[in-house]
J.: 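One structure coming up, written as structure tokens, with questions to follow.
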Amino acid sequence: MSDVWVLVEHDKGTTTKVTHQLLTAARSLAKNTGGEPVAVFLGEGWETAKDRIGKFGCAKAIVAEGSDFTNYLSSPHVEQVSALVAERSPWGVLFASVPSGKEVATRVAARLGLGVLADSMNVEVEGDKPICEYSAFGGSTIVKKTLKKGPYLICVKPNAFVAEEAPSEVQAEQVAASISEDAKRVVIKDRVVKEEGGRPAVDSAATIVSGGRGLGDPKHFEVVEALADELSAAVGASRAAVDAGWYPHAHQVGQTGKTVSPQLYIAVGISGAIQHRAGMQTSKTIIAINKDPEAPIFQMVDFGVVGDLFDILPKLTEEIKKRKGGG
Amino acid sequence: MPLNIAVCVKRVPDTAAEKKLDPGDFTLDRESVESILNPVDEMAVEEALKLKEAEQGEVTIISMGPEGAQAQAIRKALSMGADKGVHLSDASLHGSDAQSVAYALSQVIKKGEYDLILCGAESTDARTSLVPPALAEYLGLPNLNFVRNVQIEGGKVTAHRETDKGHDVIEGPLPAVVGIVWGANEPRYPSFKGIMASKSKPVETLSAADVEIDASKVGSGGANSEVIEFGARSSERAKQIVDNKDGEAHIKLADYLQQQKFI
């Protein structure tokens, strides 16, 4: 078979942005594999998910409904995806390159004796094979990899593709979810949700505004947050700011934090040590604001502003608000 | 309950160093950079030591890779307080991808009787995070990954798994493979006494044949993935720099954001 599958990431049927990006990618890849994009939906909330999957151009779906996928960690997904891949042998499956997606992909690969590629920044088809692009050594090197045999299991980084709508009617094929006792060993007992002011998560945000040592004080993150909110962005932080206890580690961008590639990355008061560059070098557009014209961050920007962030940021936030209001 | 804990560790190039690939076989030129014990693995070692202190038992450090540096990684963990080391070293393993590494480690782990297998959920170099789940799969064990606050009670392990919105509380039966998330704890520094004591702690060196590794599943030949090309990322950024001397930089920046359709 030559279909390109996407394992849908969702929360009770609310599909994630990265899923929409993968559906878009699958659509273009399928043109070259001679197959169709197919959404693989496991869990609860199909009626909610259906419309969103159709909206991003996927006319076929394989659906296994059941609460086992919600109540137990990863293994039910591993079992169901393994069974489907073994039975139908698609060209490949795209997974979101986030912890949950990578876990399922690598375990399916180990179970079926297949290869897996994590963290792909781009995927193309050459002949019948996938060519996946990676960023290595902190983004300074591009590596292209392929897999020796299919079905190809490929994890794609959030924001590697831009989601494009192409409304279509979804034909769903319902399959039975039969989950073994073995796959029910790790139970999700509780989900603890922290309030974070409704900002997007750093990992998958399209825009990130990050603060560093130049802020001088944890309370100065307010100016970063204000700009982030105006741009509907996530707030990131450099290692220096996190080590100083100014911002939680979950927001850290860099070699010892998150590796991100948003559409827009704004570095505020961050000098740009290799440790930080490693985490954000593959961002589509990079802007830096720093008072030191010699800061290494300026070597890798599309647009840089030399000046006092406390002067510039509030005015910039106001200016953006004004322009958005003016249409 | 005394716990028999294994911790899988690897060395990684120092996070502050520049790295390069060996142009011959596209593997990391590990001689070209300083290396350290993967910081996330250090947190896994710390978690193991805390569990040992609470429950009694033994901590075994397992590592695979060439002589020398891997041995240093094991020594570091022993100096922190682990009890013994197992070092899998074999020329046939060179060029193994993440899955082959997980397979090889699983063969070593099958030789012991461990209640708990800890790993860093990711390494600071490759960062693929593929090894712990693949290891669990090869061992047929439950996997709790990207977790902190690991607790053992009544033959079960519970932990907090980091999510986008907070954390999930997860629980599984022992034995299990547990991947520790970055920042789970503050690893202890080896004491002088610990460093001295580590020198007399046993480290067993095993070959691939010792643990019955199927040669077709490891090394460059066993890798399912292959590198077909690599090169320096061309830095084609515009580097348009403005100075805020005139106090108008925010206008220029807003213009830029608008041109690029971010506003």
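Remember, predicted model here, so these are calculated numbers, not experimental data. Reminder, nothing fancy here: chain letters follow the sequence lines and each chain counts from 1.
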J.: Establish, from distance only, whether the side-chain atoms of Thr285(A) and Gln260(B) form a donor-acceptor pair under 3.5 Å.
T.: no
J.: Which members of residues 166-174 of chain B, sorted by number, sit under 4.5 angstrom from chain A on a heavy-atom basis?
T.: Gly166(B), His167(B), Asp168(B), Val169(B), Ile170(B), Glu171(B), Gly172(B), Pro173(B)
J.: With rounding to the nearest 0.5 angstrom, report the CD1 to CZ distance, Ile266(A) to Phe262(B).
T.: 8.5 Å
J.: Report the option among Ala105(A), Ala110(A), Ala118(A), Gly307(A) that has the most heavy-atom pairs separated by less than 4.5 Å from atoms of chain B.
T.: Ala110(A)
J.: Find the one option among Ile263(B), Val157(B), Leu135(B), Thr163(B) whose heavy-atom pairs under 4.5 Å with chain A are most numerous.
T.: Ile263(B)
J.: Name the option with the most non-hydrogen atom pairs under 4.5 Å to chain B; the candidates are Ser75(A), Ser204(A), Ala183(A), Ser283(A).
T.: Ser283(A)
J.: Which region of Asn143(B), side chain (C-beta onward) or backbone (N, CA, C, O), has a non-hydrogen atom less than 4.5 Å from a non-hydrogen atom of chain A, or is it both or neither?
T.: both
J.: With a 4.5 angstrom heavy-atom cut-off, is it the side chain or the backbone of Asp246(B) that approaches chain A, or both, or neither?
T.: neither
J.: At a heavy-atom separation under 4.5 Å, does Glu226(B) approach chain A through its side chain, its backbone, both, or neither?
T.: both
J.: Considering only heavy atoms and a distance below 4.5 Å, find which of Lys291(A), His249(A), Glu319(A) pairs most often with chain B.
T.: His249(A)
J.: Any salt bridge linking Glu181(A) with Lys184(A)? Criterion: basic side-chain nitrogen under 4.0 Å from a carboxylate oxygen.
T.: yes
J.: Go through the atoms of Lys252(B) and report whether side chain, backbone, both or neither lie under 4.5 Å from a heavy atom of chain A.
T.: both
J.: Measure from NZ or CZ of Lys145(A) to the centre of the six-membered ring of Tyr134(A) and say whether it is under 6.0 Å with the direction within 45° of the ring axis.
T.: yes
J.: Specify which of Val202(A), Thr207(A), Val192(A), Ile312(A) makes the most heavy-atom pairs with chain B at under 4.5 Å.
T.: Val192(A)
J.: Just verifying a value: how many Å separate Glu230(A) CD and Leu313(A) CG, rounded to the nearest 0.5 Å?
T.: 11.5 Å
J.: Counting heavy-atom pairs under 4.5 Å to chain B, which of Asp311(A), Ile188(A), Leu231(A), Thr146(A) comes out on top?
T.: Thr146(A)
